[in-house]
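Take a look at the structure below.
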Amino acid sequence: METQTITKIKEISNQISPDLVKLRRELHQYPELYFKEFKTSERIVKELIKLKVRVKKGIAKTGVIGLLVGAIQELPRQNYPKRENIVKTVALRADMDALPILEQTNFPYKSKYPGVMHACGHDVHMTCVIGAAKILSRLKDELNGNVKFIFQPSEEVHPGGAKPMIQAGVLKNPNVSAIFGLHCDPSIPIGKIGVREGPFMAQADNFDIIIHGTGGHGARPHDGVDAIVVAAQVIQALQTIASRKISPVEPVVISVGKIEGGSARNIICDRVILRGTARSLNREVAEKIPRLLKEIAGGIAQSAGATAEVNYQTGYPVLINPPEATGFARNTITRMLGKDAIYEIPQPLMGAEDFAYYLQKVPGSFLRLGTRNPKKNAIYPWHHPKFTVDEEAIKIGSSVLAGLAYTYLNG
Ligand code: NI
């Protein structure tokens with residue numbers, strides 16, 4: 001990307017910044033939960049129509065896509081191999097859902113729906129993709145290829161919106177050959193973009209273990225099978241999955257977050273339910289965990305004369321940022337914002353993100369948008385009732401996404 005283009009992108013993003021902030025505040029005031037993003041999706045459609053991009057709505061219920069057809073639809077030169085002989089389409093993705101949280105900020109634009117809040121910054125993500133759409137539609141005459149803007153429902157709640165969007169064909173017609181997305185990060189200072197290649201976010205699965213014993217009088221434990229004692233052993237033993245069953249260089253988290261069981265102090269409990277999460281950064285490791293859980297819970301239960309039932313639900317897959325596309329993103333951002341704008345994310349995160357599904361289909365990169373600014377109280381973590389962002393990030397996020405799409409298409 002030439003310096004001239006970078007200057008143009010920055011100029012446009014400065015011009016449109018007040019409108020983008022307004023849009024973000026509006027989206028923030030009317031947050032909607034997973035697969036209920038009806039008003040939000042209407043608002044997005046309205047913005048896209050203004051830009052004269054081709055709009056499709058109602059995908060996977062509330063999903064929206066916009067297609068900006070670049071003015072140059074030039075096939076690559078004759079001497080290119082045949083498979084290269086296609087017009088490129090790059091996608092930019094935003095998620096639309098909010099969280100069941102009662103907002104505790106004093107902003108005039110705070111949520112108008114008590115108990116629902118954009119506390120993960122998805123309002124910012126949508127605004128950044130709209131911002132990129134605004135920038136790129138002004139540069140349409142220069143674009144050698146197409147840009148697809150993807151707004152998906154439900155990132156927060158498994159099974160999520162990405163999978164049904166892909167099943168509905170959002171990566172096809174025209175075929176998407178790369179995808180980029182970003183997520184607000186309250187731990188990264190404003191002005192910086194977090195980058196990391198390889199495994200970046202975890203596969204996060206859910207499990208319930210139901211231990212069936214036999215009830216009885218608390219004074220006669222030998223007449224029953226105490227499900228609580230079995231549960232205690234199972235909880236302890238689950239930790240040996242990470243410490244003894246999986247290589248120590250592979251991160252694994254097995255956490256039981258909820259225990260249900262028992263009715264009174266003098267009654268031997270006949271049933272305990274353990275509810276937990278299992279996370280890892282490697283697909284092969286993730287595939288081993290359900291079997292290990294069943295072996296451990298089943299074996300311990302059997303030795304006590306109880307039985308264990310394991311219900312295991314696989315969550316979003318490991319998010320792996322391909323090195324090539326991530327390197328491309330790093331270089332492009334460095335050219336646009338300077339070397340200091342790159343924040344090398346030192347470690348992967350054990351949180352999950354359904355952007356992983358897109359990356360299973362096409363190359364791309366999931367980036368972090370620095371939103372931290374103590375002066376603006378933008379210090380709270382995701383999903384906190386006081387979560388907020390430094391809105392300067394909107395301008396940065398919009399130009400970065402626009403710059404990535406532009407450079408991907410035009411070189
Ligand atoms: Ni989020």
Side-chain angles (χ1 to χ4, degrees), residues 1-17 20-21 88 90-94 121 124-125 127-129 131-132 134-136 139 142-144 147 178-201 319-349 351 353 355 359 363-376 378-379 382 389-411:
M1 188 171 31
E2 288 165 20
T3 327
Q4 213 183 319
T5 315
I6 297 174
T7 313
K8 239 190 274 176
I9 289 178
K10 284 188 181 166
E11 270 172 22
I12 303 172
S13 75
N14 277 329
Q15 277 169 28
I16 62 174
S17 173
L20 291 178
V21 169
K88 288 200 269 190
V90 58
L92 303 175
R93 173 269 203 174
V124 175
H125 309 162
T127 310
C128 287
V129 173
K134 283 180 189 246
I135 297 169
L136 291 165
L139 302 173
E142 299 173 26
L143 286 183
N144 185 6
V147 190
I179 186 163
F180 297 93
L182 41 75
H183 201 294
C184 290
D185 195 322
S187 69
I188 300 179
I190 182 72
K192 291 186 188 283
I193 304 288
V195 181
R196 184 178 176 86
E197 39 261 293
F200 177 32
M201 297 185 71
L319 188 150
I320 302 168
N321 270 335
E324 202 185 329
T326 305
F328 159 81
R330 182 187 282 106
N331 290 340
T332 308
I333 297 163
T334 305
R335 255 187 289 159
M336 291 179 76
L337 307 175
K339 219 168 65 194
D340 288 347
I342 301 289
Y343 178 89
E344 296 291 348
I345 297 171
Q347 282 175 326
L349 307 158
E353 173 47 81
F355 192 80
L359 290 179
S365 199
F366 193 56
L367 305 159
R368 294 286 175 150
L369 175 64
T371 54
R372 183 180 183 82
N373 188 349
K375 283 187 203 135
K376 296 183 182 172
I379 49 168
W382 300 290
V389 301
D390 182 341
E391 288 174 321
E392 283 294 299
I394 293 170
K395 182 160 80 178
I396 301 168
S398 304
S399 29
V400 162
L401 290 175
L404 288 171
Y406 187 100
T407 315
Y408 182 80
L409 297 178
N410 289 39

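Atoms considered below: every heavy atom in the structure, side chains included; atoms not considered: hydrogens, waters and symmetry mates.
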Practice item. Quick one: closest heavy-atom pair of Ala132 and Leu92, and the distance? Key: CB-CD1, 3.8 Å
Point to revise | Side-chain donor/acceptor of Arg372 to backbone N/O of Asp185, under 3.5 Å | key: no
Review point. Per the side-chain contact (heavy atoms from CB on, under 4.5 Å) rule, which among Thr371, Ile193, Leu182 passes with Ile396?
Key: Ile193
Point to revise | Approximate separation, where rounding is to 0.5 Å, of Leu401 CG and Ser13 OG | key: 11.5 Å
Check your understanding: Does Glu392 pair with Lys375 as a salt bridge, N-O distance under 4.0 Å?
Key -> no
Practice item. Check the pair Ile320 / Leu359 against side-chain contact (heavy atoms from CB on, under 4.5 Å), numbers first and verdict last. Key: CA-CA 7 Å; Ile320 302 168; Leu359 290 179; over 6 Å; no
Review point. Considering all heavy atoms of both residues, which atom of Gly181 and which atom of Phe355 are nearest to each other, and what is their separation?
Key: N-CZ, 3.6 Å
Exercise for review: Kindly say whether Gln4 contributes a backbone atom to a donor-acceptor pair with the side chain of Glu2 at under 3.5 angstrom?
Suggested key: no
**Study point:** Residue pair Leu404, Leu367: steps toward the side-chain contact (heavy atoms from CB on, under 4.5 Å) verdict
**Key:** CA-CA 11 Å; Leu404 288 171; Leu367 305 159; 3.7 Å; yes
Review point. Could you state the interatomic distance from CD1 (Ile342) to CG (Leu337), rounded to the nearest 0.5 Å?
Key: 7.5 Å
Check your understanding: Under 6.0 Å from the CD atom of Gln15, do we count more than 12 heavy atoms belonging to anything else shown?
Key -> yes
Exercise for review: Mind listing the closest non-hydrogen atom pair of Arg330 and Thr334 along with its distance?
Suggested key: O-OG1, 2.6 Å
Point to revise | With sequence neighbours excluded, residues passing salt bridge (Lys or Arg N to Asp or Glu O under 4.0 Å) with Glu142 | key: Lys8
Practice item. Measure the spacing between SG of Cys128 and NZ of Lys395 and express it to the nearest 0.5 Å. Key: 12.0 Å
Revision key, fill the gap. With sequence neighbours left out, the residues meeting salt bridge (Lys or Arg N to Asp or Glu O under 4.0 Å) with Lys10 are none
Review point. Is there a side-chain contact (heavy atoms from CB on, under 4.5 Å) between Ile190 and Lys376 once you walk through the steps?
Key: CA-CA 11 Å; Ile190 182 72; Lys376 296 183 182 172; over 6 Å; no
Review point. Which heavy-atom pair separates Lys192 from Asp340 by the least distance, and what is that distance?
Key: NZ-O, 2.6 Å
Check your understanding: Taking it one step at a time, do Asn144 and Lys88 satisfy side chain to side chain donor-acceptor pair (under 3.5 Å)?
Key -> CA-CA 8 Å; Asn144 185 6; Lys88 288 200 269 190; over 6 Å; no
**Study point:** Closest non-hydrogen atom pair, Leu20 against Gly131
**Key:** CD2-CA, 3.6 Å
Exercise for review: For the pair Asn373 (side chain) and Ala378 (backbone), establish whether a donor and an acceptor sit closer than 3.5 Å, ignoring hydrogens and angles.
Suggested key: no
Exercise for review: To the nearest 0.5 Å, tell me how far Ser17 OG sits from Lys134 NZ.
Suggested key: 11.0 Å
Practice item. Kindly state each residue pair satisfying ring pair (Phe, Tyr, Trp, His ring centres under 6.0 Å) with at least one member in residues 324-348, sequence neighbours excluded. Key: Phe180-Phe328
Exercise for review: Please lay out, stage by stage, how Ile12 and Leu139 fare under the test side-chain contact (heavy atoms from CB on, under 4.5 Å).
Suggested key: CA-CA 10 Å; Ile12 303 172; Leu139 302 173; 4.2 Å; yes
Point to revise | Nearest heavy-atom neighbours spanning Met336 and Gly403 | key: SD-CA, 3.8 Å
**Study point:** pair Glu391-Thr127: side-chain heavy atoms closer than 4.5 Å
**Key:** no
**Study point:** Student check: side-chain heavy atoms of Met1 and Thr332 closer than 4.5 Å
**Key:** yes
Check your understanding: Distance-only, no hydrogens or angles: does the Asn321 side chain make a donor-acceptor pair with backbone N or O of Arg196 under 3.5 Å?
Key -> yes
Point to revise | Approximate separation, where rounding is to 0.5 Å, of Leu136 CG and Ile9 CD1 | key: 7.0 Å
Practice item. Ignoring hydrogens and angles, tell me if any N or O in the side chain of Trp382 forms a donor-acceptor pair with the backbone of Gly121 under 3.5 Å. Key: no
